[in-house]
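What's counted below: heavy atoms across the whole structure, side chains too, no hydrogens, waters or symmetry copies.
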Amino acid sequence: MISFNPLSLFQTKGKIKKVYREAKASYLNRIRFAVGMFYFGMGLSFATWASRIPDIKTALHLTEGDLGSILFALPMGQLIIMPFSGKMVTKFGSHRILVFSLIMYVLCLANLGLATSALQLSLGLFLFGIFGNLANIAVNTQGVYTEVLFKKTIMSSFHGMWSFAGFTGALVGLGMLTLKLTPFDHFLVVGAIVLLMVAFNFKFLVRAKEKIKNKTAEKKKLFVKPDSSLLWLGVIGFCSMASEGVMFDWSGVYFKDIVQAPGPLVILGYTSFMIMMASGRFLGDGLINKFGRERVMQISGVMISVGLFTAVFLPYIIPCTIAFMLVGLGVATIVPTVYSMAGKNPTVPPGEALTIVSSVSFLGFLMGPPVIGHIAQNFGLQFSFAFIGIFGVLIAFMVSKIRTTEA
């Protein structure tokens with residue numbers, strides 16, 4: 001999902017009921033479909049919010065700096081609930097928490113469309129962040145258990161569903177703009193669709209008895225000096241997620257204010273970005289197997305920089321659309337590859353390695369968009385996009401600093 005995965009901070013080893021292990025292939029496929037629909041529902045909800053940010057910014061008469069400050073509310077909500085999400089999933093079960101949190105997530109989405117002031121929007125985004133993080137932990141736990149049932153790697157397909165939902169959400173947003181529906185009406189329609197997905201699929205979620213990790217062992221792990229290669233991976237993930245987060249929250253604003261795209265074409269940049277990111281995630285494994293991780297990551301970093309700098313120096317509809325497509329392809333495979341490489345670190349156990357890398361990476365997604373708002377307020381939106389463009393070059397450079405085992 002959106003490729004960031006803080007699940008490793010709280011992941012527990014659950015005992016899956018025997019009935020699932022003895023189930024027919026058709027039933028297991030139904031479980032996989034159900035879990036995929038929850039990933040899709042989360043991605044659709046987030047993409048729906050992102051697609052209407054320019055309209056909400058205009059309706060509330062917000063400057064770039066104002067919007068940047070308000071966007072801090074969403075990561076603040078995620079950070080506040082993060083220490084408790086894993087404990088709640090462990091205590092009440094990921095299937096229960098997922099249903100509850102996704103329902104609350106879409107209710108919070110609808111409330112964002114009712115905001116009439118910056119304070120109301122900030123509060124709405126804070127709650128949106130809380131339930132978004134809770135749903136993220138729960139749905140990834142479901143993904144882990146489903147993967148165990150299939151005894152093969154299928155997690156990437158789940159995250160591909162999240163990306164595909166982002167593309168779908170962008171298209172739906174384009175249609176809603178064409179119909180001239182208000183953000184609230186738009187959010188209400190999408191919320192109803194997601195609730196129907198929950199109603200038809202919640203019975204097929206995996207129910208597992210989850211075990212709490214040894215607390216003493218966890219405390220000791222917190223003081224272990226991390227492997228230097230893991231820190232490099234974390235920084236690479238940070239740069240990629242910061243670029244991805246900026247595209248989610250600011251691509252629509254860029255097309256409206258800088259490119260000055262007419263009417264519904266405001267969403268074209270976001271749509272092109274999501275299409276290529278989703279495509280890249282479904283095709284990424286094949287490219288890595290053919291060309292190798294290092295080369296693919298270096299090319300991806302260059303694509304991010306080329307795309308963002310093109311958007312800065314050629315702020316017109318066609319060049320910017322192509323530029324945002326390049327950025328989408330660039331960010332598609334970096335974070336999944338970073339997590340895969342961390343899990344194969346020869347000196348650190350996979351759980352510890354993923355905890356270190358995902359913690360550093362996730363900060364980029366949370367902090368990038370709000371910081372860009374303040375840079376844009378002082379130096380202009382084009383300058384802020386150029387600033388993020390440097391991150392792609394850094395990714396290409398830092399890949400050479402990594403010393404991990406190739407799969």
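Panel note: side chain Ser305, backbone Gly389; a donor-acceptor pair is recorded below 3.5 Å. Remark: side-chain polar atoms of Gln120 are paired, donor with acceptor, to backbone N or O of Thr116 under 3.5 angstrom. For the pair Tyr254 (side chain) and Ala311 (backbone), a donor-acceptor distance under 3.5 Å is present. Remark: the backbone N or O of Ile236 is not paired with any side-chain donor or acceptor of Ser240 at under 3.5 angstrom. Judged by distance alone, the side chain of Ser51 and the main-chain N or O of Thr48 form a donor-acceptor pair under 3.5 Å.
Among Val246, Ile304, Ile375, the single residue meeting the side chain to side chain contact (heavy atoms under 4.5 Å, CB included) criterion with Ile388 is Val246. Applying ring-ring contact (aromatic ring centres under 6.0 Å, His included) to Tyr105 and the options Trp49, Phe128, Phe100 leaves one that passes, Phe128. Of the residues listed (Met277, Met276, Met274, Met303), the one engaging Met325 in a side chain to side chain contact (heavy atoms under 4.5 Å, CB included) is Met276, and it is the only one.
In Phe387, the CZ atom is not crowded: 12 or fewer heavy atoms of neighbouring residues, nucleotides or ligands sit closer than 6.0 Å. The local environment of CG in Leu179 is crowded, with over 12 non-hydrogen atoms from other residues, nucleotides or ligands closer than 6.0 Å. At most 12 non-hydrogen atoms from other residues, nucleotides or ligands lie less than 6.0 angstrom from CZ of Phe164.
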Take Asn378 and Phe383, measure what side chain to side chain contact (heavy atoms under 4.5 Å, CB included) needs, and give me the verdict at the end.
CA-CA 9 Å; Asn378 294 311; Phe383 181 87; over 6 Å; no
Please assess Met176 against Val189 for the test side chain to side chain contact (heavy atoms under 4.5 Å, CB included), listing each intermediate value before the final yes or no.
CA-CA 10 Å; Met176 296 297 179; Val189 170; 3.8 Å; yes
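Qualifying ring-ring contact (aromatic ring centres under 6.0 Å, His included) partners for Phe273, counting only residues two or more places apart in sequence or in other chains: Phe248. Checked against side-chain hydrogen bond (donor to acceptor under 3.5 Å, both in side chains), Ser122 has no partners two or more places apart in sequence or in another chain.
Between Met297 and Ile395, the shortest heavy-atom contact is O-CG2, 4.0 Å.
Using modelled atom types and a 3.5 Å distance limit, the side chains of Asp66 and Ser69 yield no donor-acceptor pair.
For residues 117-127, the set of pairs meeting the salt bridge (Lys or Arg N to Asp or Glu O under 4.0 Å) definition, not counting sequence neighbours, is empty.
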